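Here it is, the structure, as structure tokens.
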Amino acid sequence: MRIATWNVNSVNARLPKLLDWLSAAEPDVLCLQELKVDADAFPAEQVAELGYEVAAHGNGRWNGVAVLSRVGLDDVRRGLADEPGFQAEGAMFEAAEPRAIGATCGGVRVWSVYVPNGRDVDHPHYEYKLRWLSALRETAAEELKTAGPFAVLGDFNIAPTDADVWDIGQFDGATHVTERERAALTELVGTGLAEVAPRPLKYEVAFTYWDYRALRFPKNQGMRIDLVYGDPQLTAAVSDAYVDRDARKGKGTSDHAPVVVDLDL
DNA sequence: ATGCCCGTCCGTGACGGA
């Protein structure tokens, strides 16, 4: 079985690239993030022609996650238990955001997640990011009580180590590399998960994101922030894992590349 | 060549992304 995760930065803007990639890579399960579309406006017919069912969780302009599967799609769960929302400046209330969706596909339980960015360590969005990661840990811990295999895949907006950004000197005081964010990843792992380490197809580190600006991709000035965590049953079945950086080449691409995991399942 | 930001919205700039 092949499972994968990809932040597509608008599923409609990326639809031709998405369909091409599905046809070429033939994942059995694909977790998507940053749909930027209402769930009922997801281009389900187009992916259905390639044999995929879809469960989407989205509400318009921002965020949005989905699971695509050609090996069954059951027990869909939209949102985390006690998931926090974000209270924008001047807003009266917290607003829930579509950032997590879980589904069982071909016997594998997957969660597609889009962790809040954090924006700046002094911004309320950073505390929201940490609260959101706590909720993710709680939901993972709850679901791990039942039998695996189990995986959480997505855009974590955290570089696990200093080596996971092109130049740590450029990230002084920035989000994505702070102790508290990394501690949240360690706590997630503490529920009984391990990271599936992807191999780079080129260069030393398997970056998954390169900013559109400043020739970041040709210069390989990237970040490894799209991550896959699995329970022991899943990680024991991993036969290969890599970042498909070719998907970042050329015009009309997402700024993220897919992470692909092959399983003997 | 992998090449100098992109996507969205009652939208013609502002915001978010990281």
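In the text below, chain A, chain B and the rest are named by the order of the sequence lines, each starting its count at 1. Because the structure is predicted, anything quoted here is derived from the model rather than measured.
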- Using side-chain contact (heavy atoms from CB on, under 4.5 Å) as the criterion, list what pairs up with A:Asp75, not counting sequence neighbours. A:Thr104, A:Arg109

- Task: Considering just the side-chain nitrogens and oxygens of A:Lys251, establish if one lies under 4.0 Å of OP1 or OP2 belonging to B:dC4.
- Result: yes

- Task: May I have the distance from A:Arg61 (atom CZ) to B:dG17 (atom C1'), rounded to whole angstrom?
- Result: 12 Å

- Among B:dC5, B:dG3, B:dT8, the nucleotide that comes nearest once only the side chain of A:Lys36 is considered: B:dT8

- Task: In whole angstrom, give me the gap between the C1' atoms of B:dG3 and B:dT8.
- Result: 25 Å

- Item | P-based separation of B:dC9 from B:dC4 [nearest Å] | 25 Å

- Quick one: label A:Asp155 by what it contacts on the DNA or RNA (base, sugar-phosphate, nothing), any heavy atom closer than 4.0 Å. sugar-phosphate

- Message: When the C1' atoms of B:dA18 and B:dC5 are compared, how many Å lie between them, rounded to an integer?
- Response: 13 Å

- Message: Can you tell me the base-pairing partner of B:dT8? Count Watson-Crick or G-U wobble geometry only, both distances below 3.5 Å, and say none if there is no partner.
- Response: B:dA14

- Item | Sugar-phosphate only, base, or nothing, as touched by A:Tyr114 at under 4.0 Å among non-hydrogen atoms | sugar-phosphate

- By side-chain hydrogen bond (donor to acceptor under 3.5 Å, both in side chains), A:Gln233 pairs with (sequence neighbours left out) none

- Message: Under 4.0 Å, counting only non-hydrogen atoms across every strand here, what does A:His256 touch: a base, just sugar-phosphate, or nothing?
- Response: sugar-phosphate

- The answer to which of A:Gly252 and A:Asn157 contacts DNA chain B further toward the 5' end, by nearest nucleotide, is A:Gly252

- How do A:Gly60 and A:Gly118 order along DNA chain B: which one's closest nucleotide is nearer the 5' end? A:Gly60

- Message: Under 4.0 Å, counting only non-hydrogen atoms across every strand here, what does A:Phe171 touch: a base, just sugar-phosphate, or nothing?
- Response: nothing

- Item | C1' spacing across the pair B:dG11 / B:dG16, given as an integer number of angstrom | 15 Å

- For nucleotides B:dT12 and B:dG7, find the distance between their C1' atoms and express it as a whole number of Å. 15 Å

- Task: Tell me whether the OP1 or OP2 atom of B:dC6 has a side-chain N or O from A:Arg14 closer than 4.0 Å.
- Result: no

- What is the nucleic acid contact for A:Arg119, judged by heavy atoms within less than 4.0 Å: base, sugar-phosphate only, or nothing? sugar-phosphate

- Query: Which part of the nucleic acid, if any, lies within reach of A:Thr175 when heavy atoms closer than 4.0 Å are counted: base, sugar-phosphate only, or nothing?
  - Reply: nothing

- Message: By the 4.0 Å heavy-atom rule, please label A:Asn117 as base, sugar-phosphate, or nothing.
- Response: base

- Query: Are there more than 12 heavy atoms of other residues, nucleotides or ligands under 6.0 Å from atom CG of A:Asp167?
  - Reply: yes

- Task: Remember a base hit wins even if backbone is also touched, and classify A:Lys129 as base, sugar-phosphate or nothing at under 4.0 Å, heavy atoms.
- Result: nothing

- Task: Please work out whether the ring planes of A:Phe156 and A:Tyr229 are parallel, tilted or perpendicular, with thresholds of 30° and 60°.
- Result: perpendicular

- Task: Check the side chains of A:Asp155 and A:Trp6 for a donor-acceptor pair under 3.5 angstrom, ignoring hydrogens and angles.
- Result: no

- Message: Just to be sure I understand the rule, does A:Trp210 reach a base, reach only the sugar-phosphate, or reach nothing, if contact means heavy atoms closer than 4.0 Å?
- Response: nothing

- Are the charged groups of A:Arg70 and A:Asp28 less than 4.0 angstrom apart, N to O? yes

